[in-house]
Asks: 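There's a structure below that I have some questions on.
Basis for what follows: all heavy atoms, side chains included, without hydrogens, waters or symmetry-related copies.
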Amino acid sequence: MSKTSRRVVFGVLLIVTLVVSTGGALGYLGRLTIVFDRHPGKQLAIIEEVPGPPDGPQCAIDARYFDEEPRGLRPEVLQAWLKLRQTASEQGITLCLNDGKRSRQQQRAEFDEAVEKFGTEELASKYVLNPPDRSMHVIGFAVDVQPIESAKWVEKNGSTLGWCRRYENEQWHFEYSSGYLTGGCPALIPSATGS
């Protein structure tokens with residue numbers, strides 16, 4: 001191997017070592033998160049950090065709830081939400097988006113609030129997933145619809161548009177999947193933790 005070739009190989013190895021070391025240090029310090037792509041072609045590392053609106057205007061038909069903007073939802077989910085809302089409106093139903101996209105930090109804050117409310121992490125985890133990466137709100141596939149009468153309409157009619165209720169203990173929580181359009185809704189599970 002020539003002297004020039006050795007220098008090139010040494011330089012490449014040095015650069016790789018520096019990149020790996022820097023990545024490891026940033027990961028250790030919590031400044032770099034590597035996300036495994038559960039949905040090929042989707043930029044989860046970017047999507048999961050996008051915060052959703054913390055609130056919004058009051059729901060027009062029930063002031064106890066918000067009707068936040070659907071910012072941060074994945075493009076196909078946003079389109080499906082807009083279609084669902086339009087279809088409901090055509091039938092005289094108002095859907096309020098009480099909660100949609102959350103960042104990891106927002107999900108963690110939701111969990112911490114649930115711990116305060118219910119007293120233990122075990123009880124809180126029946127309503128708010130922890131760690132945050134497990135939440136479909138964080139990856140932009142879930143919405144919470146209020147009031148409950150509107151959520152009941154989504155449960156009855158939403159599957160034809162790709163929306164399914166997922167948890168027995170959350171009448172308001174719906175997730176979008178194009179697979180639901182053809183395969184229908186999967187069976188409800190007891191809670192976000194499956195128990």
Asks: Less than 6.0 Å separating the ring centroids of F174 and W163?
Replies: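 Ring-ring flag for F174/W163: false, centres at least 6.0 Å apart.
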Asks: Using the rule that two of Ile, Leu, Val, Met, Phe, Trp, Tyr join whenever any of their side-chain heavy atoms come within less than 4.5 Å, decide whether I148 and V145 are in one cluster.
Replies: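 They do not share one cluster, since no chain of ILVMFWY contacts under 4.5 Å joins I148 to V145.
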Asks: Output, in order, the C-alpha distance, side-chain angles, deciding distance and verdict of side-chain contact (heavy atoms from CB on, under 4.5 Å) for T160 and T87.
Replies: CA-CA 11 Å; T160 60; T87 302; over 6 Å; no
Asks: Judged by atom type as modelled, is there a donor-acceptor pair below 3.5 Å linking the side chain of S135 to the main-chain atoms of P132?
Replies: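 Such a contact is absent between S135 side chain and P132 backbone.
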Asks: In terms of hydrophobic clusters joined by side-chain contacts under 4.5 Å, are I189 and F141 together?
Replies: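 I189 does not cluster with F141.
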Asks: Report yes if some heavy atom in the side chain of S159 is under 4.5 Å from a heavy atom in the side chain of L161; otherwise report no.
Replies: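 A side-chain contact is absent here, since even the closest heavy-atom pair is not under 4.5 Å.
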Asks: Do N98 and C59 come within less than 4.5 Å of each other through their side chains, counting heavy atoms only?
Replies: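 Contact flag for N98/C59 side chains = no.
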Asks: Measuring only between side-chain heavy atoms, which start at C-beta, is L188 closer than 4.5 Å to Y167?
Replies: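 SC-SC contact between L188 and Y167 ruled out.
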Asks: Please examine the side chains of D62 and Q146, heavy atoms only from C-beta on, and report whether any two atoms are closer than 4.5 Å.
Replies: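 Counting from C-beta outward, Q146 and D62 never come under 4.5 Å.
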Asks: Rounded to the nearest 0.5 Å, what separates atom CD in Q79 from atom OH in Y176?
Replies: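 With rounding to 0.5 Å, CD (Q79) is 10.0 Å from OH (Y176).
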Asks: Which side-chain N or O atoms in residues 114-129 pair as donor and acceptor under 3.5 Å with protein atoms at least two apart or in another chain?
Replies:
{"from": "T120", "atom 1": "OG1", "to": "L123", "atom 2": "N", "distance (Å)": "3.0"}
{"from": "S125", "atom 1": "OG", "to": "E121", "atom 2": "O", "distance (Å)": "3.3"}
{"from": "S125", "atom 1": "OG", "to": "E122", "atom 2": "O", "distance (Å)": "2.8"}

Asks: Using side-chain heavy atoms (C-beta onward) and a distance below 4.5 Å, is W172 in contact with S150?
Replies: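 Side-chain contact under 4.5 Å: no.
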Asks: Do you know which two heavy atoms are closest between L78 and P70, and how far apart they sit?
Replies: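 So the minimum-distance heavy-atom pair works out to CD1-CG, 3.6 Å.
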Asks: Among residues two or more places apart or on two chains, list those pairs meeting salt bridge (Lys or Arg N to Asp or Glu O under 4.0 Å) that have a residue in residues 80-95.
Replies: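 As it turns out, the salt bridge (Lys or Arg N to Asp or Glu O under 4.0 Å) pairs with a partner in residues 80-95, which skip direct neighbours, are D67-R85.
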Asks: Between R166 and H173 (side chain of the first, backbone of the second, donor and acceptor by atom type, cut-off under 3.5 Å), is there such a pair?
Replies: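 Side chain of R166 to backbone of H173: no pair is present.
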Asks: Applying salt bridge (Lys or Arg N to Asp or Glu O under 4.0 Å), name anything that partners E68, two or more places apart in sequence or on another chain.
Replies: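 Checked E68 against salt bridge (Lys or Arg N to Asp or Glu O under 4.0 Å); zero matches.
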Asks: Taking all heavy atoms of S103 and all of V138, pick out the closest pair and write down the distance.
Replies: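 Minimum heavy-atom contact is O-CG2, 3.9 Å.
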Asks: Can you sort out the partners of E149 under salt bridge (Lys or Arg N to Asp or Glu O under 4.0 Å), two or more places apart, ordered by chain and number?
Replies: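 By the salt bridge (Lys or Arg N to Asp or Glu O under 4.0 Å) rule, E149 matches K152.
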Asks: If you compare all heavy atoms of F66 against all heavy atoms of G56, which two are closest, and at what distance to 0.1 Å?
Replies: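 Heavy-atom minimum between the residues: CD2-O, 3.0 Å.
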Asks: List the atom of A151, the atom of Q171, and the distance in Å for their closest heavy-atom pair.
Replies: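 Between these two residues, the closest heavy atoms are CB-O, 3.4 Å.
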Asks: Would you please test K101 and R71 for side-chain contact (heavy atoms from CB on, under 4.5 Å) and show each step?
Replies: CA-CA 7 Å; K101 174 69 173 82; R71 290 193 322 258; over 6 Å; no
Asks: What residues form a side-chain contact (heavy atoms from CB on, under 4.5 Å) with A88, not counting sequence neighbours?
Replies: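 If we apply the side-chain contact (heavy atoms from CB on, under 4.5 Å) test to A88, skipping adjacent residues, the hits are I93, L95, W153.
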Asks: Name all pairs fulfilling the salt bridge (Lys or Arg N to Asp or Glu O under 4.0 Å) condition that reach into residues 186-195, sequence neighbours left out, sorted by first residue then second.
Replies: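 Pairs touching residues 186-195 that pass the test: none.
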Asks: Show your working on side-chain hydrogen bond (donor to acceptor under 3.5 Å, both in side chains) between H137 and D144 and close with a plain yes or no.
Replies: CA-CA 9 Å; H137 284 284; D144 291 344; 3.2 Å; yes
Asks: Do NZ/NE/NH1/NH2 and the carboxylate oxygens of R108 and D133 come within less than 4.0 Å?
Replies: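 Salt bridge absent between R108 and D133.
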Asks: If hydrophobic clusters are built by linking Ile, Leu, Val, Met, Phe, Trp and Tyr wherever their side-chain heavy atoms come under 4.5 Å apart, do V143 and M136 end up in the same one?
Replies: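 Cluster IDs for V143 and M136 match.
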Asks: Heavy atoms, side chains only, cut-off 4.5 Å: are R74 and I139 in contact?
Replies: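 The answer is yes; the side chains approach within 4.5 Å.
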Asks: Taking side chain as C-beta onward, heavy atoms only, is D99 less than 4.5 Å from Y65?
Replies: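 The answer is no; the side chains never approach within 4.5 Å.
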Asks: Quick one: pull up CD in E76 and OG in S178 and give me the separation to the nearest 0.5 Å.
Replies: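 One finds 7.5 Å between CD of E76 and OG of S178.
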